*Asks:* 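The structure that follows is given in the form of structure tokens.
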Amino acid sequence: EENLIQTCEKIINEFPESEEANWAKKQLKKAEQNTADYYLQIARFYLKKGNKKAARARAQWVVDSRASLTERVKEAKEIIDLTMQSVNAK
């Protein structure tokens with residue numbers, strides 16, 4: 001996904017008004033969503049296994065790297081909150 005993201009960004013920057021740029025924008029959005037979904041899946045896995053530090057790190061990546069994906073960022077922040085509650089409860 002990261003290679004696709006880089007390629008799409010290059011096309012968009014070099015040929016902003018082209019048909020290829022329109023295609024690249026759609027592909028870029030899908031790739032960013034897929035990457036965020038993947039990190040959230042890993043965060044949920046770590047949360048389930050009790051590894052709150054790893055869960056928080058993956059969720060924080062979504063917040064930091066995919067800020068435009070509001071629904072995914074919302075879920076990531078919920079995971080971060082859950083990990084913090086668990087830490088504060090100890």
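As the structure is a prediction and not an experimental result, all values here were calculated from the model. Computed from heavy atoms alone, side chains included, the values below leave out hydrogens, waters and symmetry copies.
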*Asks:* Working to the nearest 0.5 angstrom, can you tell me the gap between Ser68 OG and Glu32 CD?
*Replies:*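 Nearest 0.5 Å value for the OG-CD distance: 5.5 Å.
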*Asks:* Between Val73 and Met84, is there shared hydrophobic-cluster membership here, with clusters defined by ILVMFWY side-chain heavy atoms closer than 4.5 Å?
*Replies:*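 Hydrophobic grouping puts Val73 with Met84.
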*Asks:* How far apart are the closest heavy atoms of Val62 and Arg72, and which atoms are they?
*Replies:*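 Nearest heavy atoms, Val62 then Arg72: CG1-O, 3.9 Å.
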*Asks:* Hey, could you give me each pair passing ring pair (Phe, Tyr, Trp, His ring centres under 6.0 Å) that has a residue in residues 36-75? Not counting sequence neighbours.
*Replies:*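 Every pair satisfying ring pair (Phe, Tyr, Trp, His ring centres under 6.0 Å) with a residue in residues 36-75: Tyr39-Trp61.
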*Asks:* Nearest heavy-atom pair of Leu47 and Lys52: which atoms, and what distance?
*Replies:*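 Smallest heavy-atom distance, with atoms named: CD1-CG, 4.3 Å.
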*Asks:* Are Thr35 and Arg66 close enough, and set up right, to give a side-chain contact (heavy atoms from CB on, under 4.5 Å), and what steps lead you there?
*Replies:* CA-CA 9 Å; Thr35 306; Arg66 300 293 184 253; 3.9 Å; yes
*Asks:* Go through Leu82 and Glu78 one step at a time and tell me if the side-chain contact (heavy atoms from CB on, under 4.5 Å) criterion holds.
*Replies:* CA-CA 6 Å; Leu82 286 173; Glu78 289 171 0; 5.6 Å; no
*Asks:* Identify the two heavy atoms, one from Leu4 and one from Gln27, that lie closest to each other, and give their separation to 0.1 Å.
*Replies:*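 Between these two residues, the closest heavy atoms are CD2-O, 4.4 Å.
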*Asks:* When rounded to the nearest 0.5 angstrom, what distance separates SG in Cys8 from CH2 in Trp23?
*Replies:*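 So the gap between those two atoms works out to 5.0 Å.
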*Asks:* Can you name the closest pair of heavy atoms from Lys25 and Pro16 and give their distance?
*Replies:*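 Residues Lys25 and Pro16, closest heavy atoms: NZ-O, 4.2 Å.
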*Asks:* A side-chain contact here means heavy atoms from C-beta on lying under 4.5 Å apart; do Ile79 and Arg56 qualify?
*Replies:*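 No, side chains not in contact.
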*Asks:* Can you name the nearest heavy-atom pair linking Ile12 to Ala21, along with the distance?
*Replies:*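 Result for this residue pair: CG1-O, 3.9 Å.
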*Asks:* Determine, step by step, whether Asn51 and Lys53 satisfy the side-chain contact (heavy atoms from CB on, under 4.5 Å) criterion, reporting the C-alpha distance in whole Å, the side-chain angles of both residues, the deciding distance to 0.1 Å, and the verdict.
*Replies:* CA-CA 6 Å; Asn51 189 340; Lys53 183 178 179 181; 4.0 Å; yes
*Asks:* Which pair of non-hydrogen atoms, one from Thr83 and one from Ala55, has the smallest distance, and what is that distance?
*Replies:*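 In this case the closest contact between Thr83 and Ala55 is CG2-CB, 4.1 Å.
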*Asks:* After noting the C-alpha distance and the side-chain angles of Asp64 and Gln60, does the key distance pass the side chain to side chain donor-acceptor pair (under 3.5 Å) rule?
*Replies:* CA-CA 6 Å; Asp64 294 342; Gln60 189 64 53; 2.9 Å; yes
*Asks:* To the nearest 0.5 angstrom, please state how far the CD atom of Glu20 sits from the CD1 atom of Ile11.
*Replies:*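 Result: 7.5 Å between the selected atoms.
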*Asks:* So, taking the atom named CG in Asn13 and the one named CD in Glu9, what distance separates them when rounded to the nearest 0.5 Å?
*Replies:*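 Output value for this atom pair is 7.0 Å.
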*Asks:* To the nearest 0.5 Å, what is the distance between CG (Leu28) and CD (Gln33)?
*Replies:*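 Leu28 CG to Gln33 CD: 10.0 Å, rounded to 0.5 Å.
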*Asks:* Is the closest side-chain heavy-atom distance between Arg44 and Arg58 below 4.5 Å?
*Replies:*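 No - every pair of side-chain heavy atoms lies 4.5 Å or more apart.
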